[in-house]
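Note that the structure is predicted; figures quoted are calculated from it, not measured. Throughout, residue positions are numbered sequentially from 1 according to the sequence presented.
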Amino acid sequence: YVAFMVIESFSNPKYKYLLSLSKSKTRKKDGLFLMEGRPELDLAIKSGYEPAMIAFSEAYIQKSEIVALIGEGNTQFIALSKALFDSLSYQNVPQNFIGVFSSFSSSLKDLQEGPMVLLEKVEKPGNLGAILRTCDALGIKNVLVTDSPVDLFNPNILRNSRGALFALKCVFTSNEKALEYFRKRGLKVLSAALSDQSIDYRKASVSNNVAYVFGSEANGLSEFWLTNSDENIIIPMQGVVDSLNVSVSVAIILSHHVNGKTNS
């Protein structure tokens, strides 16, 4: 048996609740988040995450197609008119639907062996999502986020990560706890910083026992990491600009890490 209801009115309480999940306040209060996009949804379902609710429109996909994908679980199905679905969705395309999932979190003890990426005071959800996607693509399984108000289930993170947050560990913590963890694990801390003491990132030694630290685009790294890093690294700029988008910087440095290990 599959629970099922049909909604065609913008004033329906269930529709209004789905709309409210676009707000961080509701997500945090109820421990739920809303996600769309087939790559993201397919990966979440394959990873064992069962949606509490599915919202869809028969203008784009049939209920039977979704049931075939997720199985006969405890999911509630909500059939929306095309107008209602379009108002909730960013991607009004065939085969798309919306899933409501329970929020989850990871702690430092959940981190796996291998290199770490730490992001201090990340400001833009889209950047965090892109970094998660890059880390997953390059086989980096551990991401720490410190001193950031960003909500992991922000729609921009979900879209830009393309579901990567289901495949790696993303831990929100403090600088002090992160550094303590790195020291206990014997990790070398390499911080991306614009300073006279920074070395070319390509000259840094490559190993699995390393933590790469990146700061915000607005303010860079705090004095905490500049002081506690084992080494500061920099991407030499060949043009007139003096910095890159943080997600691009992460991709460049992590690509060097992966290629360095492959070639060693």
Side-chain angles (χ1 to χ4, degrees), residues 23-31 33 102-136 138 140-154 156-158 160-161 164-195 197-198 201 204 207-234 243 245-247 249-251 253-254 257:
K23 305 295 184 183
S24 181
K25 181 179 180 180
T26 305
R27 293 195 297 269
K28 290 180 177 179
K29 178 174 69 72
D30 292 349
F33 67 95
S102 296
S103 303
F104 54 88
S105 62
S106 298
S107 64
L108 291 171
K109 64 181 177 59
D110 297 318
L111 296 175
Q112 304 174 37
E113 292 292 331
M116 311 273 166
V117 171
L118 183 141
L119 309 169
E120 182 189 41
K121 295 183 179 178
V122 62
E123 304 152 315
K124 299 176 181 177
N127 277 338
L128 177 54
I131 290 168
L132 294 176
R133 183 178 180 181
T134 294
C135 287
D136 177 66
L138 295 175
I140 309 294
K141 297 298 185 182
N142 307 293
V143 177
L144 295 85
V145 180
T146 64
D147 298 343
S148 173
V150 171
D151 172 7
L152 182 61
F153 304 106
N154 180 289
N156 286 328
I157 293 178
L158 298 173
N160 282 280
S161 75
L165 77 164
F166 298 104
L168 49 73
K169 300 299 181 183
C170 184
V171 175
F172 284 73
T173 186
S174 67
N175 284 332
E176 293 76 13
K177 289 181 179 179
L179 180 63
E180 180 184 10
Y181 179 84
F182 294 159
R183 295 306 185 213
K184 285 183 177 179
R185 293 282 295 271
L187 297 175
K188 182 178 182 179
V189 178
L190 299 180
S191 293
L194 292 170
S195 76
Q197 291 73 45
S198 297
Y201 74 99
S207 85
N208 266 335
N209 295 319
V210 63
Y212 294 99
V213 179
F214 300 86
S216 70
E217 291 186 30
N219 302 306
L221 280 175
S222 68
E223 190 63 31
F224 179 89
W225 288 111
L226 296 177
T227 301
N228 287 294
S229 295
D230 295 306
E231 213 161 45
N232 291 336
I233 56 176
I234 192 171
S243 65
N245 175 282
V246 65
S247 67
S249 296
V250 171
I253 290 174
L254 293 188
H257 171 90

Worksheet item: Is there a donor-acceptor contact under 3.5 Å linking the side chains of N208 and E113?
Response: no
Worksheet entry | Distance (rounded to the nearest 0.5 Å) between S161 OG and L168 CG | 8.5 Å
Worksheet item: So, N142 side chain and P115 main chain: donor-acceptor pair closer than 3.5 Å or not?
Response: yes
Practice prompt. May I ask you to check whether S207 and N209 show a side-chain donor-acceptor distance below 3.5 Å?
Written response: no
Discussion item. Tell me if a side-chain donor or acceptor on D136 pairs with a main-chain N or O of R133 at a distance below 3.5 Å.
Written reply: no
Worksheet entry | From S105 atom OG to K169 atom NZ, the distance as rounded to the nearest 0.5 Å | 10.0 Å
Discussion item. Would you say that F224 contacts T146 through its side chain, given a criterion of any heavy-atom pair below 4.5 Å between the two side chains?
Written reply: no
Worksheet entry | S229 and its side-chain contact (heavy atoms from CB on, under 4.5 Å) partner, picked from T227, N232, L226 | N232
Worksheet item: Hey, what do you get for CG (L254) to OG1 (T134), rounding to the nearest 0.5 Å?
Response: 7.5 Å
Discussion item. Could you check whether any side-chain heavy atom of V145 comes within less than 4.5 Å of a side-chain heavy atom of V150, counting everything from C-beta outward?
Written reply: no
Fill in: Validation row: L158, F33 side chains within 4.5 angstrom (heavy atoms)
yes
Fill in: Close side-chain approach of L118 to W225, heavy-atom, < 4.5 Å
yes
Fill in: Spacing of NE2 belonging to H257 relative to CD1 belonging to I140, to within rounding of 0.5 Å
4.5 Å
Practice prompt. Decide yes or no for R183 and V189: does some side-chain heavy atom of the first lie under 4.5 Å from some side-chain heavy atom of the second?
Written response: yes
Worksheet item: Nearest heavy-atom pair of G126 and N156: which atoms, and what distance?
Response: N-CB, 4.0 Å
Worksheet item: Which atom pair, heavy atoms only, marks the closest approach of F214 to A192?
Response: CD2-CB, 3.7 Å
Worksheet item: Is any side-chain heavy atom of D147 closer than 4.5 Å to a side-chain heavy atom of N175?
Response: yes
Discussion item. In terms of relative ring orientation, are F104 and F166 parallel, tilted or perpendicular, with 30° and 60° separating the classes?
Written reply: tilted
Worksheet item: How far apart are the closest heavy atoms of D230 and L187, and which atoms are they?
Response: OD2-O, 3.9 Å
Item to complete: Specify the closest pair of heavy atoms between F153 and R27, including all atoms of both residues, with the distance to one decimal.
Response: O-NE, 3.5 Å
Practice prompt. Considering non-hydrogen atoms only, spot the tightest contact between T173 and A178 and give its length.
Written response: CG2-CB, 4.1 Å
Worksheet item: Where is the tightest heavy-atom contact between S216 and K121, given as atom of each residue plus distance?
Response: CB-O, 3.3 Å
Worksheet entry | Q112 side chain vs K141 backbone, donor-acceptor pair below 3.5 Å | no
Worksheet entry | Backbone N/O of V122 and side chain of S148: donor-acceptor pair under 3.5 Å | yes
Item to complete: Test C170 against every option in L165, L132, I157 by the side-chain contact (heavy atoms from CB on, under 4.5 Å) rule and name the one that passes.
Response: L132
Fill in: Rounded distance (nearest 0.5 Å) linking atom CG of N154 with atom NZ of K23
11.0 Å
Item to complete: Rounded to the nearest 0.5 Å, what's the gap from NZ on K188 to OH on Y212? Could you check?
Response: 9.0 Å
Worksheet item: With a 4.5 Å limit on heavy-atom distance, are the side chains of N160 and N127 in contact?
Response: no
Worksheet entry | Pairwise side-chain contact, D110 with S107, heavy-atom cut-off 4.5 Å (strictly under) | yes
